Enquirer: 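One structure is given below, represented as structure tokens, and several questions about it will come after.
Numbers here simply count residues along the sequence, with the first being 1. All values reported here derive from a predicted model rather than from experimental measurement.
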Amino acid sequence: MLYDCRSPADRDRGIAAAIEAVKNGELVVLPTDTVYGIGADAFTPYAVKALLDAKGGRQVPPPVLIGSRHTLDGLVFSLPRAARDLVEAFWPGALTIVVEHSPSLRWDLGDSSGTVAVRMPLHPVALEVLRETGPMAVASANKTGQPAAVTAEAARDQLAYSVRAYLEAGPCPDPVPSTIVDLTGEVPRVLRQGAVPLEKLRDVVPDIVESQVA
């Protein structure tokens, strides 16, 4: 079912349907400030598997989206100072941080070696859903190897009936992927150049480096 969130009534119905679907272990497509994402409850292993199956291709651990900065404290054992500074500067927004997650978390995102890529998106629809569902595993809403979806309708063309609710909010205004920074080592490393440029990151964390891994 596709809901047009540009209509107030449809938006309310769509957000309610998406929240219910996630809590039932089903998949949803929602807008973010980068591209549309396909999401599932991060703590429901079969839902995460369904997400990866829907995308097809190589199975990589999906990032996690959260609806509040405070949620981050519940996911990590110890947050480096550089991570706190970056979050303060760029969240909500197009910055994904890779941190060591708390070993007590009961989730299975795949072979992530005890780390998680986490982000708080700057989109009102996504945030409204996330604040009710809690952390969601979210990957780009497209089949692996296909173009990233910049509308929910484009995502539906690729993902069809694998998704319970599609939330349409119009074309993404700036479909550039998030910048990814690894904060699990001694020196912060940029794993992927994206919407937040390196020079802005260095304004906050001067010793950040570009990854040498292609």
Enquirer: In this structure, would Val99 and Leu65 fall into the same cluster of hydrophobic residues linked by side-chain contacts under 4.5 Å?
Expert: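 In one cluster: no.
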
Enquirer: Taking only Lys NZ, Arg NE, NH1 and NH2, and the carboxylate oxygens of Asp or Glu, determine whether Arg84 and Asp73 approach each other closer than 4.0 Å.
Expert: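 Asp73 and Arg84: salt-bridged.
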
Enquirer: Salt bridge between Arg164 and Glu20, side-chain N to carboxylate O under 4.0 Å?
Expert: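 A salt bridge is absent here (no side-chain N lies under 4.0 Å from a carboxylate O).
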
Enquirer: Is Arg119 salt-bridged to Asp33, cutoff N-O under 4.0 Å?
Expert: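 Judged by the 4.0 Å cut-off on N to carboxylate O distance, Arg119 and Asp33 do form a salt bridge.
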
Enquirer: Can you measure from CD (Glu26) to CG (Asp41) and round to the nearest 0.5 angstrom?
Expert: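 If we round to the nearest 0.5 Å, Glu26:CD and Asp41:CG are 12.0 Å apart.
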
Enquirer: Say whether Val196 and Ile208 are linked into one hydrophobic cluster, either directly or through other cluster members, by side-chain heavy-atom distances under 4.5 angstrom.
Expert: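 Both belong to a single hydrophobic cluster.
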
Enquirer: Under the rule for salt bridge (charged side-chain N to carboxylate O under 4.0 Å, His left out), what residues qualify as partners of Arg131, not counting sequence neighbours?
Expert: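 Expected list: none.
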
Enquirer: Apply side-chain contact (heavy atoms from CB on, under 4.5 Å) to residues Leu86 and Leu95 and explain how you reach the verdict.
Expert: CA-CA 8 Å; Leu86 290 169; Leu95 175 70; 3.8 Å; yes

Enquirer: Any donor-acceptor pair under 3.5 Å linking the side-chain atoms of Ser102 with those of Ser104?
Expert: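 There is such a pair between these side chains.
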
Enquirer: For the pair Arg13 (side chain) and Tyr3 (backbone), establish whether a donor and an acceptor sit closer than 3.5 Å, ignoring hydrogens and angles.
Expert: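 Between the backbone of Tyr3 and the side chain of Arg13 there is no qualifying donor-acceptor contact (under 3.5 Å).
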
Enquirer: Crowded around Glu186 CD? As in, over 12 foreign heavy atoms under 6.0 Å?
Expert: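 Check fails, neighbour count at 12 or below.
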
Enquirer: Could you go step by step and tell me if Val116 and Leu109 meet the side-chain contact (heavy atoms from CB on, under 4.5 Å) rule?
Expert: CA-CA 8 Å; Val116 62; Leu109 300 174; 4.0 Å; yes

Enquirer: Under 3.5 Å, is there a donor-acceptor pair between the Thr96 and Ser178 side chains?
Expert: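 Yes - a donor-acceptor pair under 3.5 Å links their side chains.
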
Enquirer: For Lys200, give me all partners under side chain to side chain donor-acceptor pair (under 3.5 Å), at least two apart in sequence or on another chain.
Expert: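 Counting only residues at least two positions away or on another chain, Lys200 forms no side chain to side chain donor-acceptor pair (under 3.5 Å).
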
Enquirer: For the side chain of Glu100 and the backbone of Gly114, is there at least one donor-acceptor N/O pair under 3.5 Å apart?
Expert: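 Such a contact is absent between Glu100 side chain and Gly114 backbone.
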
Enquirer: Would a single hydrophobic cluster contain both Val190 and Phe90, if residues Ile, Leu, Val, Met, Phe, Trp and Tyr are joined by side-chain heavy-atom contacts under 4.5 Å?
Expert: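 Yes, one cluster joins them.
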
Enquirer: Do any N or O atoms from the side chain of Gln158 and from the backbone of Pro147 form a donor-acceptor pair under 3.5 angstrom?
Expert: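 Present.
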
Enquirer: Just by modelled atom types, is the Ala50 backbone N or O under 3.5 Å from a matching donor or acceptor in the Lys55 side chain?
Expert: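 No, because the side chain of Lys55 does not come within donor-acceptor range (under 3.5 Å) of the backbone of Ala50.
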
Enquirer: Compute whether any side-chain donor of one residue and acceptor of the other, for Ser7 and Asp10, lie under 3.5 angstrom apart.
Expert: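 Judged by distance alone, the side chains do not pair up.
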
Enquirer: Please walk me through it: do Leu167 and Val129 pass side-chain contact (heavy atoms from CB on, under 4.5 Å)?
Expert: CA-CA 10 Å; Leu167 302 185; Val129 173; 4.0 Å; yes

Enquirer: Determine the sole option in Val150, Thr34, Thr32 for which the side-chain contact (heavy atoms from CB on, under 4.5 Å) test with Cys172 is passed.
Expert: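 The option that passes is Val150.
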
Enquirer: Looking only at atom types and distance, does a side-chain atom of Thr151 sit under 3.5 Å from a main-chain N or O of Ala154, one as donor and one as acceptor?
Expert: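 Flag set: sc Thr151 to bb Ala154 pair under 3.5 Å.
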
Enquirer: Please test Val64 against Met136 for side-chain contact (heavy atoms from CB on, under 4.5 Å), starting from the C-alpha separation and ending with a verdict.
Expert: CA-CA 5 Å; Val64 169; Met136 286 176 60; over 6 Å; no

Enquirer: Between Tyr36 and Glu168, is there a side-chain donor-acceptor contact under 3.5 Å, judged purely by atom types and distance?
Expert: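 Distance-only check passes for Glu168 and Tyr36.
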
Enquirer: Could you measure the distance from the CG atom of Asn24 to the OG1 atom of Thr44? Nearest 0.5 Å is fine.
Expert: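 Spacing of CG (Asn24) from OG1 (Thr44) equals 9.5 Å.
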
Enquirer: Out of curiosity, Leu105 CG to Phe43 CZ, how far, rounded to the nearest 0.5 Å?
Expert: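 Between Leu105 CG and Phe43 CZ, I get 5.0 Å after rounding to 0.5 Å.
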
Enquirer: Could you list the residues that satisfy side chain to side chain contact (heavy atoms under 4.5 Å, CB included) with Leu72, not counting sequence neighbours?
Expert: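 Partners of Leu72 under the side chain to side chain contact (heavy atoms under 4.5 Å, CB included) test: Ile66, Val76, Leu79, Val87, Trp91, Ile97, Val118.
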
